[in-house]
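Notes follow the structure.
The figures that follow rest on heavy atoms only: side chains count, while hydrogens, waters and symmetry mates do not.
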Amino acid sequence: AMDSGVARLPITNWELYEQELQERIGADQKLMNRITSQAKKNPKTVVFAEADNYKILKAAQTVNDQRIANPILLGNRKRIQEIILENNLNLDGVTIIDPFEEDAKREEYAQMLYIKRQRKGLTLFDARRLMRDRNYFGSMMLNTGEADALISGLTRDYSKTIAPALQVVGVEEGINKVAGMYIILNKKEPYFFADTTVNVNPTADELVDIIGLTARAVRFFDMEPRVAMLSYSNFGSVQGDIPNKAAEAVRKAKAKYPNLLLDGEMQANTALNRQLLREHYPFSELAEKGANTLIFPTLTSGNVAYKVLQELGGAEAIGPILMGMRKPVHILQLGSSIRDIINMVAIAVVDAQNYNNQHI
Ligand code: ACO
């Protein structure tokens, strides 16, 4: 039985596996409940860059009422007040900041941004103009410590919202590239997907960074990462740009993170189906438990995968969680629900609580 010298793990039966699959449909709330109670222990100031929006205001009311966060609403004051009135929202005592009323603050921030980016082609004139954009104004509030976390997005294209945050807040020291992660909740354990939002076609080295960031973020959520680097091939079964890039990323990441449970390149079903792993790839480090963390070789694959799951998979997708920023910034996807926004605020608060040690 031990002819090949490879230790074979016991093969559980397929029926059991199918049963498990059935049980997975429907989202378990343990992880999010834990994050929410952690947030309530020390609520942080969260600035909402796009507050002239019903869903944002409703979410802000909820996090304020539940003491998950202290919201600051950025936007046109009149418009925000209208939406509050029209929808009978109660945001009494919540600070509204209209950047257009804040001449002195805008000037102060413009000077700071100019100093930061004058050698990146930014003129003072441009810096003044940019401060009328709430994403720049909000990012600056984070830089000066007037807010602990920034939530933006929802109404504008992701790439347009992340660029100001990258320019103003920037990446954490020692990190090259930020990346986006989704938590996929079903009835069983949580799964983690990356990069789902930022890097269009990461190189092998960038994938190594994404693997490192994602492993850290999974640990932030008190889970032990079991990482699969995905491709359309299994362990060299096909040669090609993507399989080769993914295999190279695995080799380099194993050297860089020797204690990380990581394998690949492999197909997504191989990663998630330990029955298949045990039968065909018993040598894999993931054969015992399967993967809970999936790293995608391109943005297309990661973005498409979570969106299909979100719509058809009977699972809840929490995110996008932006990893590797110098301060907590999270950018909502177009069409996030109120529930999604509240979840992201709770995550941002816990992220902010931990910013001096283990964060996202
Ligand atoms: N990590 C860290 N820093 C970055 C990254 C990154 N991944 N990408 C760009 N930067 C830096 C740039 O180097 C630049 O720094 P500098 O100006 O201080 O030198 C700064 O961020 C701003 O760069 P820009 O030139 O304004 O932006 P760029 O053209 O580099 O584009 C962007 C960055 C917007 C993230 C781009 O890669 C992109 O469009 N990605 C895809 C986003 C997207 O469409 N996602 C899919 C939808 S998301 C969803 O479904 C929720």
Please find the pair of heavy atoms, one from Thr214 and one from Ala194, that lie closest to each other, and give the distance. OG1-CB, 3.4 Å
Any ion pair linking Lys252 and Asp209 (charged N to carboxylate O, less than 4.0 Å)? no
Shortest non-hydrogen contact from Ile83 to Tyr54? CG2-CA, 3.8 Å
Do any N or O atoms from the side chain of Asn143 and from the backbone of Val168 form a donor-acceptor pair under 3.5 angstrom? yes
Find out whether Phe235 and Asp263 are in side-chain contact, i.e. whether some heavy atom of one side chain is under 4.5 Å from a heavy atom of the other. yes
Would you find a donor on one side and an acceptor on the other, under 3.5 Å apart, between the side chain of Lys245 and the backbone of Pro297? yes
Could you walk me through whether Glu279 and Arg274 pass the salt bridge (Lys or Arg N to Asp or Glu O under 4.0 Å) check? CA-CA 8 Å; Glu279 253 182 56; Arg274 59 180 193 281; over 6 Å; no
Check the side chains of Asn33 and Thr36 for a donor-acceptor pair under 3.5 angstrom, ignoring hydrogens and angles. no
Connected via hydrophobic side-chain network under 4.5 Å: Ile341 and Leu89: yes
Any luck finding a side-chain donor-acceptor pair between Gln267 and Ser231 under 3.5 Å? no
Interatomic distance, CZ@Phe192 vs CG@Asn292, rounded to 0.5 Å, equals 6.5 Å
Measure the shortest side-chain to side-chain distance between Leu322 and Val198 over non-hydrogen atoms and say whether it is less than 4.5 angstrom. yes
Distance-minimising heavy-atom pair for Met344 and Pro320: CE-O, 3.3 Å
Cut-off 3.5 Å, side chains only: do Gln310 and Glu316 have a donor facing an acceptor? no
Check: Asn244 side chain, Gly240 main-chain N or O, donor-acceptor pair, under 3.5 Å: yes
Considering only NZ, NE, NH1 and NH2 on the basic side and carboxylate oxygens on the acidic side, decide whether Asp103 and Arg128 come within less than 4.0 Å. no
Using a cut-off of 6.0 Å, state whether more than 12 heavy atoms not belonging to Lys40 lie near its atom NZ. yes
Contact summary for Ala228 and Ala291, nearest pair of heavy atoms: CB-CB, 3.7 Å
Are Ile175 and Met323 close enough that some pair of their side-chain heavy atoms sits under 4.5 Å apart? no
Is there a donor-acceptor contact under 3.5 Å from the side chain of Asn343 to the main chain of Asp340? no
Do Met32 and Ile347 touch side chain to side chain, with heavy atoms closer than 4.5 Å? yes
Taking side chain to side chain contact (heavy atoms under 4.5 Å, CB included) as the test, write out the residues that go with Glu206, two or more places apart. Lys177, Pro202, Thr203
Would the distance check show the side chain of Arg34 and the main-chain N or O of Phe221 forming a donor-acceptor pair, the cut-off being under 3.5 Å? yes
No-hydrogen, no-angle side-chain donor-acceptor test under 3.5 Å, Gln353 and Lys41: no
For Tyr109 and Phe137, take the angle between the two ring planes, folded into 0 to 90°, and tell me which bin it lands in: parallel under 30, tilted 30 to 60, perpendicular over 60. perpendicular
Looking at the rings of Tyr182 and Tyr306, which for Trp means the six-membered one, are their centres under 6.0 Å apart? yes
Main chain of Thr45, side chain of Asp148: is a donor-acceptor contact present, judged purely on distance under 3.5 Å? yes
Do Arg219 and Glu224 meet the salt-bridge criterion of a basic N to acidic O distance under 4.0 Å? yes
Please answer: with hydrophobic residues joined when any side-chain heavy atoms are less than 4.5 Å apart, are Ile151 and Leu91 in the same cluster? yes
Taking the side chain as everything from C-beta on, heavy atoms only, tell me whether Leu73 gets closer than 4.5 Å to Thr95. no
Using the rule given for side chain to side chain contact (heavy atoms under 4.5 Å, CB included), can you reason through Ile242 versus Tyr232, listing the C-alpha separation, both sets of side-chain angles and the distance that settles it, and then say yes or no? CA-CA 8 Å; Ile242 298 274; Tyr232 57 82; 4.0 Å; yes
Compare every heavy atom of Val47 with every heavy atom of Gly138, then report the nearest pair and how far apart it is. O-CG1, 4.2 Å
Flag the pair Lys78 and Glu82 as a salt bridge only when some basic side-chain nitrogen lies within less than 4.0 angstrom of an acidic carboxylate oxygen. yes
Side-chain (Ser284) to main-chain (Tyr281) donor-acceptor, under 3.5 angstrom: no
Test Glu189 against Arg226 for salt bridge (Lys or Arg N to Asp or Glu O under 4.0 Å), laying out the working first. CA-CA 12 Å; Glu189 65 168 341; Arg226 309 190 303 273; 2.7 Å; yes
Could Glu50 and Lys55 be called an ion pair, given the rule that one side-chain N must be under 4.0 Å from one carboxylate O? no
Going through the checks in order, is the side chain to side chain contact (heavy atoms under 4.5 Å, CB included) test met by Val345 and Phe48? CA-CA 10 Å; Val345 173; Phe48 291 88; 3.6 Å; yes
Of all residues at least two apart in sequence or in a different chain, which pass the side-chain hydrogen bond (donor to acceptor under 3.5 Å, both in side chains) check with Thr270? Asn234
For Arg134 and Asp98: C-alpha separation, side-chain torsions, deciding distance, then whether salt bridge (Lys or Arg N to Asp or Glu O under 4.0 Å) applies. CA-CA 9 Å; Arg134 293 166 294 164; Asp98 185 339; over 6 Å; no
Is any side-chain heavy atom of Leu57 less than 4.5 Å from a side-chain heavy atom of Gln61? no
Go through the structure and list residues passing ring pair (Phe, Tyr, Trp, His ring centres under 6.0 Å) with Tyr257, not counting sequence neighbours. none
Can a donor-acceptor pair be found, under 3.5 Å and without considering hydrogens, that links the side chain of Lys254 to the backbone of Leu262? yes
Is there a donor-acceptor contact under 3.5 Å linking the side chains of Thr161 and Asn135? no
Same apolar cluster (I L V M F W Y, side chains within < 4.5 Å links), Met112/Leu166: yes
About how many Å separate CD1 of Ile184 and OH of Tyr191, when rounded to the nearest 0.5 Å? 11.0 Å
Is any side-chain N of the basic residue among Arg77 and Glu101 closer than 4.0 Å to the acidic one's carboxylate O? yes
Would you kindly say whether Asn269 and Asn273 are connected by a side-chain donor-acceptor distance under 3.5 Å? no
For the backbone of Lys188 and the side chain of Asn186, can you confirm whether one donor and one acceptor N or O come within less than 3.5 Å of each other? yes
Between the side chain of Asp241 and the main-chain N/O of Pro243, is any donor-acceptor distance below 3.5 Å? no
Go through Leu332 and Ser152 one step at a time and tell me if the side chain to side chain contact (heavy atoms under 4.5 Å, CB included) criterion holds. CA-CA 6 Å; Leu332 302 165; Ser152 187; over 6 Å; no
For residues Thr300 and Val200, determine if any side-chain heavy atom of one lies less than 4.5 Å from a side-chain heavy atom of the other. no
Between Leu113 and Val171, is there shared hydrophobic-cluster membership here, with clusters defined by ILVMFWY side-chain heavy atoms closer than 4.5 Å? yes
Going from CZ on Phe193 to CG on Asp195, what distance comes out if it is rounded to the nearest 0.5 angstrom? 13.0 Å
For Ile360 and Ile321, what are the C-alpha separation, side-chain angles and deciding distance, and is it a side chain to side chain contact (heavy atoms under 4.5 Å, CB included)? CA-CA 8 Å; Ile360 301 177; Ile321 298 165; 3.5 Å; yes
Would a 4.5 Å heavy-atom cut-off, applied to side chains only, mark Glu172 and His359 as touching? yes
Met266 versus Ala271, closest heavy-atom pair with distance: SD-CA, 3.4 Å
